[in-house]
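Working notes, beginning with the structure itself.
Keep in mind that what you see is a predicted model, and the values were worked out from it rather than measured. So that the names make sense, note that chain A is the first sequence line, chain B the second, and so on, each numbered from 1.
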There are 2 protein chains.
Amino acid sequence: MKQEKIPDVVVRRLPLYLRAVEDFDRREHAIVSSSQLGEWTGLTPAQVRKDLAFFGEFGKQGIGYNVKFLHEQLREILGLTTDVRVGLVGLGNLGRALLHHNVDARIDGSAVEGDPARWVPESLRIVAAFDVDPQKVGITYAQVPVYHVDEFAAKVRELDLKIVVIAVTPESAGAVASECVKAGVKAILNFAPVKLDVPEDVKVHSADLTLELQSLAFYTR
Amino acid sequence: MKQEKIPDVVVRRLPLYLRAVEDFDRREHAIVSSSQLGEWTGLTPAQVRKDLAFFGEFGKQGIGYNVKFLHEQLREILGLTTDVRVGLVGLGNLGRALLHHNVDARIDGSAVEGDPARWVPESLRIVAAFDVDPQKVGITYAQVPVYHVDEFAAKVRELDLKIVVIAVTPESAGAVASECVKAGVKAILNFAPVKLDVPEDVKVHSADLTLELQSLAFYTR
DNA sequence: CTATGTGAAGTGGTTCACAGCT
DNA sequence: AGCTGTGAACCACTTCACATAG
């Protein structure tokens, strides 16, 4: 292991490994091999090993990886061992659906089979929502308090929001992103169909439905 | 230009170019250069040129690209010049939000500034939804008829659905994907947090909220 | 004999740089 | 002079293959 910069592609695969390991844990495997993880995730065993090697030597040669140990390590690496508090801006249809998703995953949590709670670990949770609509401000939606966007900066600090989900109109998304940057938020999940201009040290992942559909359209001809 | 296989990364950027060109068109530019497109999309001019060169010689040396012509070519390439009919399986919170999104983008369509309709061209539209809940089957939600999943295969053929959006529970997603494959669907947008096993010739794009959030969490430590 | 960790080789996508057209 | 199209150089990630440990 060398503590160099971790490629983004690798970081994007980590949650996949986490999910795989949780599944093996649930199925009571004590040990997993890189081949098994590769099978599960659809990646090559070599890639699994290389990726994990960025962060340490988690396996035993000739044996494989201890499931519980690797699970803990991955949570550690991803920063999921402590609470990661998430804010949501924009309570339109999408924003509300995301809030429902947020609680649903928690409520059916203790349920059997497929156990959705596993997919949204306790540590990663939307704890505050923001909107401009006076009708929405002040209420509690899906167990999450809704504040006016004017309070955004203050609440980011007060609640120590680490990630912000942007689910507003394309026209407002840029302004919201600026607010995030000003407030010191380093990670943004953007659902608005616009490119957000942010400093290098702020990570933006975009979930742009239209872009996805349009590129899929290419493969239908 | 050489009619080789187009890399997936390139295909994923095409909708971005389309969006950029639409914006330049809206702002009444007759010509764009690869630098301008690069600026808009956040890519290098060289990459823009290389990408477009996969499909033909659309520009004029010393001049740039004709906006209207490039727009038309991109729509052609993406297969958006004819209707692309989309089906949605799963009418939970997320599915319903997607349907609203579907109409909203259309209704405010003629509005000014930022013009959301541009982001969801007429040609790409959810025209049928499916669920198992008898309460939902038979109604029309957000102007889209809701059928029972039992009718899925039949409706895919009847309505010529080209893309299917999966917004069901992780437990059912696999089965729905199989149905898609059987019905000949070649493109799937999957919102369920599971890996779908499909043949090579079927494209799956996954929009996995939890994966995105978890990988973002990495950058917050 | 099994499976990790890792240099070395390979692959594929990006950037450079320039010929050629306007 | 300005800008495209493209071979060549470059770079980054992936896969191979093997020394090493159990």
Side-chain angles (χ1 to χ4, degrees), chain A residues 1-17 20-21 24 29-74 77 200 215 218, chain B residues 1-17 20-21 24 29-74 77 200 215 218:
Chain A
M1 171 220 191
K2 35 295 158 92
Q3 188 49 338
E4 44 192 329
K5 290 127 199 71
I6 315 296
D8 277 16
V9 266
V10 174
V11 175
R12 295 196 100 105
R13 282 191 293 264
L14 293 176
L16 221 49
Y17 299 140
V21 164
F24 280 103
H29 292 227
I31 304 285
V32 255
S33 66
S34 58
S35 328
Q36 290 176 300
L37 289 172
E39 170 95 8
W40 202 100
T41 56
L43 305 165
T44 65
Q47 179 144 71
V48 174
R49 294 202 298 279
K50 262 270 152 77
D51 284 352
L52 296 177
F54 272 105
F55 304 96
E57 309 198 355
F58 302 129
K60 280 201 184 21
Q61 298 193 331
I63 307 295
Y65 300 89
N66 177 301
V67 171
K68 293 225 181 287
F69 177 68
L70 183 55
H71 180 222
E72 199 47 32
Q73 291 301 307
L74 283 167
I77 292 164
E200 284 251 328
S215 57
F218 176 84
Chain B
M1 170 219 189
K2 26 327 170 57
Q3 187 48 337
E4 44 193 328
K5 290 125 198 73
I6 314 295
D8 276 16
V9 268
V10 174
V11 175
R12 295 196 101 104
R13 284 193 291 263
L14 293 177
L16 221 48
Y17 299 139
V21 164
F24 281 102
H29 292 226
I31 304 285
V32 257
S33 66
S34 57
S35 328
Q36 290 176 300
L37 289 172
E39 170 95 7
W40 201 100
T41 56
L43 304 165
T44 65
Q47 180 145 71
V48 174
R49 293 201 298 276
K50 262 269 151 80
D51 284 353
L52 296 178
F54 272 105
F55 304 96
E57 310 198 356
F58 302 130
K60 280 203 183 15
Q61 299 191 330
I63 308 294
Y65 300 89
N66 177 299
V67 171
K68 294 225 181 285
F69 177 68
L70 183 55
H71 180 221
E72 199 46 32
Q73 291 301 307
L74 282 167
I77 292 165
E200 284 251 329
S215 56
F218 176 85

Can you tell me if A/Y65 touches the phosphate of C/dG5, counting only side-chain N or O atoms and a distance under 4.0 Å to OP1 or OP2?
yes

Earlier contact from the 5' end, DNA chain D, for B/A46 and A/R13
B/A46

Within the structure, does a side-chain N or O atom of A/S34 lie under 4.0 Å from either OP1 or OP2 of C/dT4?
yes

Using modelled atom types only, decide if a donor and an acceptor are shared between the side chain of B/Q36 and the backbone of B/S33 within a distance under 3.5 Å.
yes

By nearest-heavy-atom nucleotide on DNA chain D, the more 5' of B/K60 and A/D8 is B/K60

Side-chain atoms of A/S33 come closest, of C/dT4, C/dG13, D/dG22, to C/dT4

A/Q47 side-chain N/O to D/dT14 phosphate OP1/OP2 under 4.0 Å
yes

To the nearest Å, give me how far apart CZ (A/R12) and C1' (D/dC13) are.
15 Å

Whole-Å distance, B/F55 CZ to D/dG5 C1', equals 15 Å

Please state whether the phosphate of C/dT14, meaning OP1 or OP2, lies under 4.0 angstrom from any side-chain nitrogen or oxygen of B/T44.
no

Without decimals, in angstroms, what is the distance between B/F54 CZ and D/dT6 P?
11 Å

Check the distance between C/dT2's C1' and A/Q36's CD and give it to me in whole angstrom.
12 Å

Any idea which of C/dT6, D/dT6, C/dG13 is nearest the B/V9 side chain?
C/dG13

Over all atoms of both residues, closest heavy-atom pair of A/S34 and A/R49:
OG-NH1, 3.1 Å

Between A/F54 and A/P7, is there a side-chain heavy-atom distance shorter than 4.5 Å?
yes

Starting from C1' on D/dT15, measure out to CG on A/D51 and report it in whole angstrom.
12 Å

Looking at D/dT4, C/dT22, D/dG22, which one has an atom nearest to any side-chain atom of B/I63?
C/dT22

What's the CD1-P distance between A/I6 and D/dA12, to the nearest Å?
15 Å

Using whole Å, what does the distance between atom C1' of nucleotide C/dC18 and atom NZ of B/K50 come to?
12 Å

Given A/Y65, which of A/V21, A/I31, A/L52 fulfils the side chain to side chain contact (heavy atoms under 4.5 Å, CB included) condition?
A/L52

Atom CG of A/L37 and atom P of C/dG5: how far apart are they, to the nearest Å?
11 Å

Do B/Y17 and B/V32 have side chains that approach each other closer than 4.5 Å (heavy atoms only, starting at C-beta)?
no

Taking C/dC21, C/dT6, C/dT4 as options, the one with an atom nearest any side-chain atom of B/Q61 is C/dC21

